[in-house]
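Below is one structure, written out as structure tokens, with a few remarks after it.
The chain is numbered in sequence order, starting from 1.
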Amino acid sequence: MQTLANLFVMSGLLNREQVKKIFESQKETGDTFIKTMVSLGFSTEEKVAKFLARYFKTDYIQIDKEDLPMQVLNLVSEELANKHMLIPYKKMGNMLFIAMINPANLNAIDDVKFKTGLDVIPVVATETSLQKALGKYREAQTQISEFDNEDDIDIDIDEDESSIDIELDSDDFMDGGEDVELMAEFDSKETVIDGASIAEDKPVIKIVNYIFTKAVELNASDIHIEPFEKYVKVRLRVDGILTELIRPPYSLKAGIISRLKLLSELDIAVHNIPQDGRIRLKVMNKQIDLRVSIIPVLFGEKIVMRILDKSSLQLEMTKLGFEPDALEKFQASVHKPYGIVLVTGPTGSGKSTTLYSALSSLNKPEIQIMTAEDPIEYNLYGLNQVQMNSDIGFNFSAALRAFLRQSPNVILVGEIRDSETAEIAVRAALTGHLVVSTIHTNDAPSTVNRLIDMGIEPFLVSAALNLIQAQRLLRKVCENCRKPVVYDEETLREFDINPVLLKGYQVFEKGDGCDICKGRGYKGRLCVTEVMPITMTLRDMILKRSTTSELREQARNEGMSTLREDAIIKIKRGLTTLEEVIRETAVME
């Protein structure tokens with residue numbers, strides 16, 4: 001430690017008198033040199049850490065703000081991490097990056113090298129930051145160890161309601177221990193499983209309940225359970241971003257998969273073909289439907305569960321992110337008696353939520369609505385919903401043909417994927433039906449030529465289309481911890497944003513995270529849209545086979561905001577960040 005003291009003195013960070021006081025205090029407290037130096041007020045943790053990073057030509061990191069993969073954390077034992085106050089956070093090839101207080105601690109570095117067989121790259125963090133990170137690590141390890149807890153868990157089978165009530169103990173995996181109710185759509189007598197079944201093992205039930213509860217608590221949209229050669233990874237998609245939740249014991253892999261198959265009414269004996277099912281889940285008095293997809297992979301079966309929350313469909317469309325002008329145009333189109341309204345965007349851009357929200361506003365006793373879906377995501381009262389079944393040739397085009405004999409007012413087609421479906425949708429629109437559907441294109445103007453490329457004649461496209469809307473989802477910046485920021489003009493121009501657009505507005509960047517946003521800096525998502533009504537001018541241009549660029553230019557002249565322009569409005573309102581806008585929207589042309 002004398003070497004470190006000399007380093008601080010030579011750098012001017014300390015004087016000899018201060019070093020003497022630090023040594024005297026250390027004899028009484030037994031604390032490290034740096035901790036004593038900070039506690040006596042001779043410097044701050046951050047200042048010391050940044051100095052050491054500069055001196056040793058390495059990085060300074062706020063390790064508690066980093067996403068720490070469990071597979072990297074598990075390379076160093078908790079005992080070794082606590083002993084040397086260090087934590088691994090990244091592995092690249094044969095290099096292991098570890099955060100530590102003192103990068104000159106060669107004993108710590110050698111210990112990690114010996115235990116892992118990897119080349120160690122030290123970076124500098126403060127003790128406070130490391131303690132927080134180690135706390136998260138211990139919490140994760142504690143949760144995993146609790147999976148083996150053999151405390152009783154009550155399972156009540158309600159024969160009248162055909163449901164399974166699973167009651168968690170108050171200290172099982174979560175703060176507060178909310179009750180979880182799993183409602184299965186099968187006869188209760190069939191749910192009596194042999195007590196020796198791995199799907200009914202108590203640790204398995206607790207793990208599955210914990211995953212469900214955390215997913216709902218964090219407002220996740222998807223749950224991913226992924227088996228690898230020596231571990232199982234559980235990830236949640238929160239606000240569009242996948243984050244690792246836990247790594248349950250590998251020995252319970254088969255039990256977890258069997259448990260989820262059982263609840264989804266799938267065949268637990270089948271492992272080599274994809275299967276799809278549903279689970280009805282009630283957590284914290286909130287009913288959730290889960291769409292379950294299982295597919296065989298190299299080391300087992302991968303499960304993805306899409307969380308479908310009906311309550312999100314009851315939102316006013318302004319709360320989805322629509323600007324008033326765009327919303328007025330969209331609603332005018334979906335309330336027309338006939339024509340096609342298309343919503344376009346990549347998977348996960350909120351297309352289904354937009355269409356279902358629109359259908360909710362049309363769902364009246366005097367209107368008959370039929371939907372062709374693959375799969376049916378939300379079960380909505382008052383709608384005639386039809387599930388596609390490609391095994392028997394019942395696809396979107398077949399369903400549309402059948403629908404036209406049922407005399408509906410409104411038809412929802414899950415997706416226009418091929419020329420046959422597109423042709424029948426156009427025919428339905430031109431014979432007095434309102435057709436709403438999705439299609440995969442990058443923006444609204446390019447959708448026109450996508451339909452023509454499918455083989456639909458321009459005069460039919462021109463006559464049938466009411467409106468095309470492209471959309472994306474942006475993460476909302478947390479209003480509690482967001483930080484004001486001023487972007488220089490050069491930075492904005494680098495990302496093709498005119499600085500004049502943000503002049504005079506207070507804009508924000510992601511904060512350090514807080515309890516409200518669970519440390520992520522973002523909370524929730526909002527929709528940015530590009531709404532293109534098909535006006536008479538645009539119809540004429542479609543007939544003339546105008547290019548996508550020409551259609552876009554005319555639509556913008558008529559008042560259409562591009563996705564990027566709509567996203568910038570959200571920046572000016574303090575709802576999102578420049579980082580999100582750049583990540584999700586393309587440059588304006």
Can you check whether [X] reaches [Y] side chain to side chain, under 4.5 Å on heavy atoms?
X      : Y      : result
Met388 : Glu415 : no
Lys476 : Thr576 : no
Glu579 : Glu509 : no
Leu260 : Met305 : yes
Leu465 : Val448 : yes
Val232 : Phe299 : no
Cys478 : Arg520 : no
Leu501 : Leu492 : no

Report the distance from atom [atom1] of [X] to atom [atom2] of [Y], rounding to the nearest 0.5 Å.
X      : Y      : atom1 : atom2 : answer
Ile497 : Ile582 : CD1   : CD1   : 5.5 Å
Leu412 : Met370 : CG    : CE    : 11.5 Å
Met532 : Ser561 : CE    : OG    : 13.5 Å
Ile340 : Leu451 : CD1   : CG    : 7.0 Å
Ile452 : Glu457 : CD1   : CD    : 9.0 Å
Ile256 : Arg259 : CD1   : CZ    : 11.5 Å

Taking atom types as modelled and ignoring hydrogens, do the side chains of [X] and [Y] form a donor-acceptor contact shorter than 3.5 angstrom?
X      : Y      : result
Arg564 : Thr585 : yes
Glu558 : Gln554 : yes
Asn449 : Thr548 : yes
Gln331 : Ser361 : no

[X] side-chain N/O to [Y] backbone N/O, donor-acceptor pair under 3.5 Å:
X      : Y      : answer
Ser264 : Gly277 : no
Asp443 : Ser446 : yes
Asp222 : Arg306 : no
Thr438 : Gly414 : yes
Gln368 : Ser407 : yes
Asn466 : Tyr338 : yes
Glu530 : Leu563 : yes
Asn384 : Ile369 : yes
Ser462 : Pro458 : no
Asn363 : Leu359 : no

Give a yes or no on whether [X] atom [atom1] has more than 12 heavy-atom contacts from other residues, nucleotides or ligands under 6.0 Å away.
X      : atom1 : value
Arg291 : CZ    : yes
Tyr505 : OH    : no
Phe228 : CZ    : yes
Glu328 : CD    : no
Glu244 : CD    : yes

Might you point out which heavy atoms bring [X] and [Y] nearest each other, and give the distance in Å?
X      : Y      : answer
Lys253 : Gly300 : NZ-CA, 4.4 Å
Gly574 : Val477 : O-CG1, 3.5 Å
Leu434 : Val334 : CD2-O, 2.9 Å
Lys351 : Val343 : CD-O, 3.6 Å
Ile367 : Leu362 : CD1-O, 3.5 Å
Pro248 : Val234 : CD-CG2, 3.9 Å

Partner residues of Asn395 under the side chain to side chain contact (heavy atoms under 4.5 Å, CB included) criterion, sequence neighbours left out: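 With neighbours one apart ignored, the set is Ser397, Ala398.
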Verdict with supporting geometry, Lys364 and Glu366, salt bridge (charged side-chain N to carboxylate O under 4.0 Å, His left out): CA-CA 6 Å; Lys364 299 174 183 178; Glu366 65 271 20; 5.1 Å; no
Quick one: do [X] and [Y] make a salt bridge, cutoff under 4.0 Å?
X      : Y      : result
Glu323 : Lys570 : yes
Asp325 : Lys329 : yes
Lys214 : Glu217 : yes

Candidate list Lys510, Arg475, Arg525, test salt bridge (charged side-chain N to carboxylate O under 4.0 Å, His left out), partner Glu580, passing option: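 The passing option is Arg475.
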Glu423 and Ile456: CA distance, side-chain angles, deciding distance, side chain to side chain contact (heavy atoms under 4.5 Å, CB included) verdict: CA-CA 6 Å; Glu423 182 181 342; Ile456 309 302; 3.9 Å; yes
Ring pair (Phe, Tyr, Trp, His ring centres under 6.0 Å) involving Phe394 - partner list, sequence neighbours excluded: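 Partners of Phe394 by the ring pair (Phe, Tyr, Trp, His ring centres under 6.0 Å) criterion come out as none, since no residue qualifies.
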